[in-house]
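The block underneath contains the structure these notes are about, expressed in structure tokens.
Each ligand, and each atom within it, is numbered from 1 in the order the structure gives.
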Amino acid sequence: MSHLIVGTAGHVDHGKTTLIRALTGINTDRLKEEQERGMSIELGFAHFKLPSGRVAGIVDVPGHERFVKNMLAGAAGMDVVLLVIAADEGIMPQTREHLDILQLLETKKGIVVLTKADLVDEEWLELVQEDVRAQLAETFLKDAPIVPVSAPTGKGLKELSLTIDAVCAETQARDASAAFRLPVDRSFIIEGFGAVVTGTAIAGRIRVGEPVEILPKQMEARVRNLEVHGKDVEVAEAGQRVAINLSGVSRGDVERGHVVAARGSMQPTKMIDVKLHLLRNAKLPLKDGGQTRLYLGTAEYLPYTFLLEKREMKPGETGYVQFRFDEPMVCARGDRFVIRSYSPMFTIGGGIVLEPHAKKHRRFHEDTIRELKALELAGDVLATAETVLRRAGAAGVTLNALRQSLATTPEATAQIVGDLESQNLVRLGGGATPYLHRAIYDDLCQQIISALDNFHRKAPLRQGMPREQLRAALPKELNAANFDAILAALQAEQRIVAERDIVRRAGFVVTFTDEQKQIADRLERAYRDGGFSSPDIGDVLAQFGPKRELANAIFYSLVDAGKLIRVADLVFHESVMERARQVVTNYIRQHGKMTVAEFRNLTDSSRKYAVPLLEYFDKIGFTRRVGDERVLREQKGQ
Ligand code: GDP
Ligand code: MG
């Protein structure tokens, strides 16, 4: 049977804690101060065996307005809420505020419990019920059962248990197949055992012995022991109240607001994109750039607000917003949150995380809005993954980053990628290389093809476009490895040819006119004859007089083609280069090594040519310098 958390909500003194004690026998006001003052301050925890046999975890929250922050930490984990309203008082300010919070957090189900029924007569009870029904008409509790109870007489408790059971039975459980995640609500040290954290597991499952991570600080720990409802267990799951005994953690390392998650499943962030709804009863419009209090999971953060759609959001409005944090925080796509005004503190709105790892956006801009809308509307995990890939653009997304972006398990990520692979996904090689969205990939290919076509048209004498020049013409997020991988793919499809740092369209050949051919021959001859004492480029070109420009273009064409080779600011003919290689190979094979002076003598040149040539040989991996001498670099297969 799946696991669920039942929580309380409602105004202070309306009988929440008394109700839980009457249902479960557990007093959730465990602090001395709480017992002395007769008022809940902190979250209280219990568990409850329902008539069906299902055991529900219970979270009892404080109702006092000073402790809304604690209530928020408890509300985040609730599946079914008992909205407690004292029959003699009816709906009060914190009843409303709690209701707003539950509504913003999209709590799934609830029951209205009218406590203190013994203090009012039947007629009054009916009036209160009508009033409550009317006031809940526009909330998720509009069709919720209303159950009157009395703690001292026990009236209604049996019926309430059955109602809780029925509502739980129709409530969808949290996803136990996702990556494990538990927002910490308490942490303490037990002498002899070490650090213990408690919280509601909101996703996945965890086993004794497994590695976990404490976020956002990214501290690694291991599960030493697990406890659910006071009993040791081997496995704990989403929807359970769990106490985790962690090894590798000391006093002060973990506190409320931290998240214990499957190792590697989440990445902290300092910028998130959200869809935010401002409550109609928020007293002021939300201003751009202001600081707000944001409650997510059991944490409270103080981000700055950047409105993406307009400069001001009025009460009752909904829009896309970016929150920026001074310190790293952690959240997952789809998480719900609440915001409260910075000072004085009121609940003013809340919403859903659309992008946990956001970038800075152009604001008040159509493309930004369109992308966020796509994320918002992406119905399932596949559509979300696709949108994430699309937004990543030419940078792509690695398997690991996709997993963290979706806060899911490696298995689920592999499944998603498998499902997307045939249609929407291109993988640029093995290992940690990223996936690109098919549309982005196709677009990059198209950009490469048109850049090459353009180049050929503008420089018909060049053999092709220098690789780096081509890369510079593409989006800058495309890193070198991805660029190489795309070129390799295009080459395999025989759409391009990439050789010697030159890229051209397949089928493109430079055709020289007779005149151009003569110039090419003259250039080649000049360098062939020059031998190891390579002539100066400027001097060679000067000989062409008015045809200097053309000769220059043909010179580059010969360099592209590998006929002429540039070595630092010198140029050698390929035949000369080949001779130099022979000289070096033969000499080193005979003598084991070679100095610059020896090479200079053998080639009858001077240091001016010998030094750059040998350095070039080092650079291309033909020779290796050892002290003042060269040896041959061992080549594979020799
Ligand atoms: P909480 O702040 O909502 O947790 O309220 P408590 O459970 O602490 O109850 C506040 C006061 O109301 C206590 O004095 C309780 O004894 C009293 N109380 C709670 N439930 C009932 C009830 O059903 N009938 C009556 N007569 N008193 C109740
Ligand atoms: Mg209480």
Under-4.0 Å salt bridge between Lys310 and Glu317: yes

Take atom CZ of Phe193 as the centre, draw a 6.0 Å sphere, and report whether it contains more than 12 heavy atoms from other residues, nucleotides or ligands. no

Which one of Arg241, Lys109, Lys108 satisfies the salt bridge (Lys or Arg N to Asp or Glu O under 4.0 Å) criterion with Asp79? Lys108

Side chain to side chain donor-acceptor pair (under 3.5 Å) for Glu89 and His14? Distances and angles first, verdict last. CA-CA 8 Å; Glu89 282 198 337; His14 276 203; 2.6 Å; yes

Looking at the Mg ion (ligand 2), is there an N, O or S atom belonging to Thr8 that lies under 2.8 Å away from it? no

Given the protein's heavy atoms, is any one of them under 4.0 Å from atom 12 (O) of ligand 1? yes

Any atom of ligand 1 sitting under 4.0 Å from a heavy atom of Pro152? yes

Would you say Val12 and ligand 1 have an N/O pair spaced under 3.5 Å apart? no

One finds that the ligand 1 atoms under 4.0 Å from a non-hydrogen atom of Leu119 are 26 (N)

In this structure, atom 18 (N) of ligand 1 is nearest to the protein heavy atom Lys116 CE, 3.7 Å

Short list, please: which atoms of ligand 1 are under 4.0 Å from a heavy atom of Asp118? 22 (C), 23 (O), 24 (N), 25 (C), 26 (N)

Taking Arg333 first and then Glu355, would you say they form a salt bridge - that is, a charged N and a carboxylate O separated by under 4.0 Å? yes

Identity and distance of the protein heavy atom lying nearest atom 8 (O) of ligand 1: Gly38 O, 4.0 Å

Tell me whether Glu327 at atom CD has more than 12 heavy atoms from other residues, nucleotides or ligands lying less than 6.0 Å away. no

Just checking Lys373: does its NZ atom have more than 12 heavy atoms from other residues, nucleotides or ligands closer to it than 6.0 angstrom? no

Short list, please: which atoms of ligand 1 are under 4.0 Å from a heavy atom of Ser150? 23 (O)

For a side chain to side chain donor-acceptor pair (under 3.5 Å) with Arg37, tell me which candidate from Glu34, Glu33, Gln35 qualifies. Glu33

Starting from atom 5 (O) of ligand 1, what is the nearest protein heavy atom, named by residue and atom, and what distance separates them? Gly15 N, 3.0 Å

Distance under 4.0 Å to a non-hydrogen atom of Thr18: what atoms of ligand 1 satisfy this? 6 (P), 7 (O), 9 (O), 15 (C), 19 (C), 20 (N)

Using salt bridge (Lys or Arg N to Asp or Glu O under 4.0 Å) as the criterion, point out the one residue from Glu300, Glu97, Glu65 that pairs with Arg340. Glu97

Partner of Glu42 by salt bridge (Lys or Arg N to Asp or Glu O under 4.0 Å), out of Lys69, Arg256, Arg186: Arg256

Can an N or O of Thr17 be found at a distance shorter than 3.5 Å from an N or O of ligand 1? yes

Assess His14 for proximity to ligand 1: is some non-hydrogen atom of it under 4.0 Å away? yes

Within a radius of less than 6.0 Å around CZ of Arg30, do more than 12 heavy atoms belonging to other residues, nucleotides or ligands occur? yes

Indicate whether the side chain of Thr305 and that of Asp288 have a donor and an acceptor atom separated by less than 3.5 Å. no

Should Asp29 be counted as touching ligand 1, given the test is an N or O pair under 3.5 Å? no

Short N/O/S contact of Thr18 with the Mg ion (ligand 2) (below 2.8 Å): no

Here the atoms of ligand 1 under 4.0 Å from any heavy atom belonging to Lys16 are 1 (P), 2 (O), 3 (O), 4 (O), 5 (O), 7 (O)

Polar-atom distance check: Thr115 versus ligand 1, any N or O pair below 3.5 Å? no

What is the nearest protein non-hydrogen atom to atom 10 (C) of ligand 1, stated with its residue, atom name and distance? Asp13 OD1, 3.3 Å

Got the closest protein heavy atom to atom 23 (O) of ligand 1, with its distance? Ala151 N, 2.8 Å

